[in-house]
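The structure under discussion appears below in the form of structure tokens.
Both backbone and side-chain heavy atoms feed into the values below; hydrogens, waters and symmetry mates do not.
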Amino acid sequence: MKPGTIVLVTGANKGIGLETARQLALLGAFVALGSRDADRGAEAAAVLARDGIRVHPVTLDVTDDESVAAAARQLERTCGRLDVLVNNAGVFIGASAAGTTAPIIRKTFEANVAGPVAMIHATLPLLRRSATPRIVNVSSTTASLALTSSGADLPGDASVRLAYTSSKAALNMLTVQYAAAFRADPGLAHIKINSVSPGWTATGMNGFRAPRSVEQGARAVITLADLPDDGPSGGFYDEHGTLAW
């Protein structure tokens, strides 16, 4: 990654988002660390600073349009462009299929689907100005229609993830649609957008029960954030870099 690459990571005060921010900063990127809670964002930045890693906390709630707009304005003032957007922020609300209500679906889709749309829309003018813009949507292997319908033994508790997996499947479709639209627009054709599953990674979302570390989970995200000009766009990749459709 070129030193000075400007990156915004949403939901980056902990877990895979924080580790992604850490690894990108170590590669020389200017990292805006998005956090819904300003204090938690500042704390995360301070933790990294103790290891000599500098990031720039940005208060950002992807479910709040004004918060998203304010973050984009801050990037505009500070950097004038954006090279990489990592849509990592998301929620998991566990509920059985019978217990999944419309409010649960709305809250999940607001963060996991509408949130990335809001981020892309708000930062698109900044991404246009980049020579090598990249968008990475953090998804889940459990969002694969092919794997789920095949009866594959996917990690985690399948009985309580209806809302989450549905939202991530929708995020994957957004990725495909954006990629096709970008390719058809000469002013946006240089933007590459992909979805990626970090694999079943130990985070607060799953009670730290998963076998993969956040260091491992962030690697696939980093790879797609740093794609070469001839790299793919519109794909959904697993933690090994394999197309997961």
Side-chain angles (χ1 to χ4, degrees), residues 1-62 64 66-90 115-116 118-120 122-138 191-194 196 198 201-205 208 212-228 231:
M1 178 167 287
K2 294 180 180 179
T5 296
I6 300 166
V7 183
L8 171 59
V9 185
T10 69
N13 62 282
K14 61 181 180 180
I16 293 171
L18 178 59
E19 179 59 23
T20 297
R22 187 186 75 84
Q23 291 190 28
L24 287 168
L26 284 173
L27 290 173
F30 175 102
V31 179
L33 184 151
S35 174
R36 183 173 56 182
D37 184 285
D39 290 339
R40 290 179 181 177
E43 290 170 7
V47 168
L48 294 181
R50 287 198 287 271
D51 291 328
I53 301 169
R54 187 184 182 195
V55 297
H56 308 268
V58 175
T59 304
L60 174 57
D61 180 351
V62 301
D64 183 307
E66 179 48 42
S67 177
V68 170
R73 290 193 298 268
Q74 184 174 340
L75 276 173
E76 166 77 40
R77 292 191 303 268
T78 304
C79 304
R81 73 174 197 277
L82 179 63
D83 299 312
V84 181
L85 169 63
V86 179
N87 283 315
N88 170 76
M119 290 305 308
I120 292 170
T123 60
L124 207 52
L126 300 174
L127 289 162
R128 282 178 183 266
R129 300 173 192 168
S130 171
T132 56
R134 306 290 182 256
I135 301 172
V136 183
N137 294 325
V138 179
I191 300 177
K192 295 186 181 299
I193 179 170
N194 292 284
V196 63
T201 300
T203 67
M205 189 175 284
F208 302 97
R212 289 173 61 81
S213 67
V214 289
E215 290 83 3
Q216 293 172 313
R219 287 174 190 164
V221 180
I222 302 298
T223 297
L224 291 176
D226 194 27
L227 283 176

Partner residues of [X] under the side chain to side chain donor-acceptor pair (under 3.5 Å) criterion, sequence neighbours left out:
{"X": "Thr132", "result": "none"}
{"X": "Glu215", "result": "Ser213"}
{"X": "Asn88", "result": "none"}

Side chain to side chain contact (heavy atoms under 4.5 Å, CB included) between Leu24 and Ile222: does it pass, once the steps are laid out? CA-CA 7 Å; Leu24 287 168; Ile222 302 298; 3.5 Å; yes
Non-neighbouring partners of [X] that pass side chain to side chain contact (heavy atoms under 4.5 Å, CB included), sequence neighbours left out:
{"X": "Leu18", "answer": "Leu33, Ala44, Leu48"}
{"X": "Leu26", "answer": "Arg22, Ile53"}
{"X": "Thr78", "answer": "Phe30, Gln74"}

Per side-chain contact (heavy atoms from CB on, under 4.5 Å), Leu82 is matched among Val7, Ile6, Leu124, Ile135 by Ile6
Please name all residues satisfying salt bridge (Lys or Arg N to Asp or Glu O under 4.0 Å) with Arg129, sequence neighbours left out, ordered by chain then number. Glu76
Distance-only donor-acceptor pairs under 3.5 Å for side chains of residues 54-61, two or more places apart:
{"residue": "Asp61", "atom": "OD1", "partner": "Thr63", "partner atom": "N", "Å": "3.0"}
{"residue": "Asp61", "atom": "OD1", "partner": "Thr63", "partner atom": "OG1", "Å": "2.7"}
{"residue": "Asp61", "atom": "OD2", "partner": "Thr63", "partner atom": "OG1", "Å": "3.4"}

Would you mind listing every salt bridge (charged side-chain N to carboxylate O under 4.0 Å, His left out) that reaches into residues 6-17, with sequence neighbours excluded? none
For a 4.5 angstrom cut-off between non-hydrogen side-chain atoms, does Ile193 reach Ile120? yes
Is the shortest side-chain heavy-atom distance between Leu8 and Met119 below 4.5 Å? yes
Nearest atoms (heavy-atom pairs only) where Asn137 meets Pro116: OD1-CB, 4.4 Å
All heavy atoms of Ala118 vs all of Val62, minimum pair found to be CB-O, 4.2 Å
Any donor-acceptor N/O pair, Ser130 side chain to Leu126 backbone, under 3.5 Å: no
Strictly distance-based, threshold 3.5 Å: is any side-chain N or O of Lys192 a donor or acceptor partner for the main-chain N or O of Leu227? no
Value rounded to 0.5 Å, distance of NZ in Lys2 from CG in Leu27: 14.5 Å
Qualifying side-chain hydrogen bond (donor to acceptor under 3.5 Å, both in side chains) pairs with a residue from residues 35-47, counting only residues at least two apart or across chains: Asn13-Ser35
Just do the side chain to side chain contact (heavy atoms under 4.5 Å, CB included) check on Asp226 and Arg134 with the steps written out, would you? CA-CA 8 Å; Asp226 194 27; Arg134 306 290 182 256; over 6 Å; no
